[in-house]
Visitor: 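To start, I am sharing the structure in question, which I have written as structure tokens.
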Amino acid sequence: MRSRLKFPLRFKMLLSQLLVVSVVLSLITFTMANLFQADKTAYIHDLTSTMVLHSAEEANTLVAGYTEKLRLFSRLMGDQEMGGREQALQGLFEEFGEFVMVSRSGPDGEQNVYDQGALATAGVTPEQLLSYRESHPLPPPAPGTGPRLELSTVAPGLPTLTLTIAEPAATGEEPVVASGVIRLDRLQRLASRSRVFDTFLIDACGNYLANADRARIGQPPRTGWWGKVRGTPRLSGLTLEYQNGDRAMVGGFSRTEVGGITVGVQIPKSAAFLTSRALLADLLVLSLVLLGGAALLSQFWSRRLTRPIEKLSEATRMVGQGRFEIEVPAVSGDEIGALAGSFNRMAAELKQREQALKDLYGQLVQSEKMAAFGALGAGIAHEVKNPLAGILGITQLSLRGVESGNPLEKNLHIIEKETKRCKTIIENLLKFARQEQVEFAEVDLAQVVADALAIVDHQLGINSVKVEHEVEPGLHACRGNANQLQQVLMNLMINAQQAMGGTAGLVRLSARRLEQGGLELRVSDNGPGIPKEIQAKIFDPFFTTKPAGQGTGLGLSVSYGIVKDHGGEIRLESEEGVGTTFIITLPPPAAANAA
């Protein structure tokens with residue numbers, strides 16, 4: 001692996017040296033070409049005109065690019081129905097690094113989005129940007145008049161301009177106005193790029209937008225040429241000779257089509273008479289500077305290449321000690337950066353596996369407890385079965401001695417029915433302990449709903465929980481086990497009552513026929529709802545949010561298994577502060593038989 005990494009790293013060093021040599025040759029060529037032709041004043045005028053046109057074209061292209069990017073921001077901000085819109089906007093900030101804030105106002109209101117990383121790096125808060133905009137309002141351009149640019153620097157560490165565009169709106173609606181706060185870096189680089197010419201940019205308000213002398217940014221020009229240049233309607237490649245203090249200057253001026261920026265370049269007339277000695281002096285100074293820069297660059301690259309390796313070595317020792325939370329910054333895009341990313345993924349996967357092993361061990365322990373509980377429950381169920389048979393017999397004998405219409409007759413029938421149900425539950429518990437198959441038959445779902453409500457209605461009532469039910473008339477039968485379906489409904493309703501924590505509430509149980517022939521049961525409540533972060537876990541065995549001793553975490557898991565055994569589906573809809581709904585769908589009898 002080391003031999004594979006050596007060549008790319010050396011290749012990087014070679015590219016660095018080639019870059020330095022290329023810069024040296026480019027600067028030498030540029031300097032010689034200008035100095036050898038500097039004796040002709042006419043050429044200075046032509047060159048000035050060419051330079052200003054080129055700079056204006058670059059500025060125009062740059063502003064046009066900013067305008068298109070701002071339109072993209074505006075369209076994305078206006079698409080309220082788009083999924084993942086916030087992530088897409090942050091992705092645009094990452095891709096268009098010059099933008100730090102975008103505002104949009106229109107018929108759908110006003111929106112602001114920010115590049116939080118850029119603002120934090122510059123020490124500027126969104127509130128500062130909004131406060132500056134309130135104190136320096138921009139008159140929005142009329143639709144069709146093009147974008148408007150204005151200097152809007154809030155803090156020295158973040159020099160910016162504001163670009164504002166207006167787009168036509170539908171008939172009867174106000175236009176959509178979008179403005180973006182954009183770094184001045186690229187415009188400033190455009191103004192500071194030339195060693196021979198002083199380049200500057202002036203916005204539509206008559207203030208310096210970018211200047212090689214940063215102290216002049218935001219100030220109006222103090223020389224006489226500005227009045228003539230400002231009054232020229234179509235400004236393109238105009239050259240003037242004027243006095244700037246005690247220096248005679250040659251200047252070229254042009255105006256961009258987009259944004260109305262006036263671009264100017266100027267050069268002292270004395271530059272036309274530079275001597276060869278100045279050329280030699282410049283070349284000597286330039287060579288020394290480049291030599292020093294190459295030495296510093298080599299030192300910087302050596303440090304940059306070895307530092308990540310040292311961090312990886314230290315992180316490896318920490319992982320060996322079981323500290324999987326370590327993360328190595330992957331700051332480069334080469335093989336070392338890829339290795340750091342792979343190392344971070346390995347550490348994260350090791351941490352996840354360690355946590356999964358701990359969770360699995362806890363589930364195994366809980367499974368052992370439940371197995372022991374099942375064996376104990378089977379023994380208790382066997383002992384309880386005989387007293388239940390006695391109670392059932394006495395109840396049936398009592399029914400024979402009660403006249404029809406006697407108030408006790410209804411209560412005795414309920415005792416007989418519930419005793420039979422308890423006996424069936426005991427038998428199911430014994431079958432569960434012996435892992436026997438539950439028998440399915442034709443089930444009247446309306447009767448199942450009625451039986452479940454009859455049992456839990458009293459418990460919910462004494463806890464101030466009102467129960468409502470709605471069963472569609474004429475529901476067809478489904479194939480299943482009535483006791484198990486009744487157990488699912490009772491469990492969901494009691495869970496709803498417990499979730500309300502003793503406060504008054506409403507539980508609603510409904511059943512209806514589906515268009516495909518199946519049946520749907522809904523158990524809804526107006527309780528506190530279930531947090532989104534745990535909704536995916538509520539059907540997991542042993543998962544519970546109840547305090548220790550008040551729940552095993554098996555109720556919903558068992559209910560999920562019962563519904564699956566019936567060939568159906570159970571899903572959850574919940575919103576915090578609104579309530580929770582469990583939706584159970586059961587297949588038609590033919591589909592259940594096929595399953």
Side-chain angles (χ1 to χ4, degrees), residues 388 391-392 395-396 399 402 404-428 438-498 500 505-514 517-527 555-556 558-560 562-563 565-570 579-589 592:
L388 283 177
I391 294 172
L392 180 61
T395 302
Q396 292 173 341
L399 279 171
V402 175
S404 178
N406 192 302
L408 293 177
E409 182 182 17
K410 179 180 178 181
N411 295 336
L412 288 173
H413 276 299
I414 293 175
I415 294 173
E416 179 187 23
K417 177 183 176 183
E418 295 308 315
T419 303
K420 288 181 179 179
R421 196 173 70 81
C422 290
K423 183 179 178 184
T424 303
I425 292 173
I426 295 298
E427 291 173 350
N428 288 339
V438 177
E439 294 183 358
F440 281 17
E442 295 293 324
V443 175
D444 183 357
L445 200 59
Q447 187 62 42
V448 171
V449 171
D451 292 344
L453 287 171
I455 297 173
V456 303
D457 183 65
H458 178 69
Q459 177 177 344
L460 270 60
I462 63 177
N463 286 280
S464 303
V465 177
K466 183 180 178 181
V467 181
E468 294 182 356
H469 70 282
E470 181 182 358
V471 179
E472 183 179 327
L475 284 181
H476 59 74
C478 67
R479 185 165 182 80
N481 185 279
N483 282 333
Q484 287 194 340
L485 293 176
Q486 182 178 332
Q487 176 185 349
V488 171
L489 296 178
M490 292 171 56
N491 185 33
L492 295 178
M493 288 189 287
I494 292 174
N495 276 356
Q497 173 258 309
Q498 292 175 346
M500 296 177 189
L506 174 67
V507 174
R508 182 176 180 83
L509 176 60
S510 63
R512 68 183 184 93
R513 183 188 299 107
L514 298 176
L519 299 174
E520 179 185 88
L521 291 166
R522 286 178 175 258
V523 180
S524 306
D525 66 73
N526 61 350
L556 290 177
V558 171
S559 299
Y560 180 85
I562 290 174
V563 174
D565 289 342
H566 282 71
E569 297 288 340
I570 180 170
T580 301
T581 300
F582 285 91
I583 304 171
I584 301 171
T585 56
L586 298 174

Visitor: Please report the shortest heavy-atom distance between L475 and R512, naming the atom on each side.
Guide: CD2-C, 3.7 Å
Visitor: Which pair of heavy atoms, one from G518 and one from P588, lies closest together, and at what distance?
Guide: N-CG, 3.7 Å
Visitor: Rounded to the nearest 0.5 Å, what separates atom CD1 in I584 from atom NE2 in H566?
Guide: 10.0 Å
Visitor: Can you tell me if CD on E470 sees more than 12 non-hydrogen neighbours from other groups inside 6.0 Å?
Guide: no
Visitor: What distance do Q484 atom CD and S559 atom OG have between them, rounded to the nearest 0.5 Å?
Guide: 10.0 Å
Visitor: Over all heavy atoms of both residues, which pair between I570 and F582 is shortest? Give the atoms and the distance, please.
Guide: CD1-CD2, 4.3 Å
Visitor: For L519 and L514, work out which heavy atoms get closest and say how close.
Guide: O-CD1, 4.0 Å
Visitor: Pairing donors with acceptors under 3.5 angstrom, does anything connect the side chains of Q459 and N463?
Guide: no
Visitor: Going through the checks in order, is the side chain to side chain contact (heavy atoms under 4.5 Å, CB included) test met by V507 and M500?
Guide: CA-CA 10 Å; V507 174; M500 296 177 189; 4.0 Å; yes
Visitor: Working to the nearest 0.5 Å, report the span between OG of S510 and CD1 of I583.
Guide: 9.0 Å
Visitor: Taking atom CD of E520 as the centre, does the number of heavy atoms from other residues, nucleotides or ligands within less than 6.0 Å exceed 12?
Guide: yes
Visitor: Nearest 0.5 Å, please: how far is CD1 in I414 from OG1 in T419?
Guide: 11.0 Å
Visitor: Between the side chain of R513 and the main-chain N/O of G474, is any donor-acceptor distance below 3.5 Å?
Guide: yes
Visitor: Check whether any side-chain heavy atom of L489 lies under 4.5 Å from a side-chain heavy atom of V523, and answer yes or no.
Guide: yes
Visitor: Considering non-hydrogen atoms only, spot the tightest contact between R522 and T581 and give its length.
Guide: NH1-CG2, 3.9 Å
Visitor: Could you tell me whether the side chain of H469 reaches within less than 4.5 Å of the side chain of R508, counting heavy atoms only?
Guide: no
Visitor: How many angstroms lie between atom CG of N411 and atom CD of E416, to the nearest 0.5 angstrom?
Guide: 13.0 Å
Visitor: Would a 4.5 Å heavy-atom cut-off, applied to side chains only, mark L506 and E468 as touching?
Guide: yes
Visitor: Testing the basics here: between T395 and I391, what is the closest heavy-atom pair and its distance to 0.1 Å?
Guide: OG1-O, 2.8 Å
Visitor: Count the heavy atoms of every other residue, nucleotide or ligand shown that sit under 6.0 Å from NZ of K417, and state whether that count exceeds 12.
Guide: yes
Visitor: Run through L453, N481, D451, V443 and flag the one making a side-chain contact (heavy atoms from CB on, under 4.5 Å) with Q486.
Guide: D451
Visitor: Return the CG to CG distance between L492 and L521, rounded to the nearest 0.5 Å.
Guide: 9.5 Å
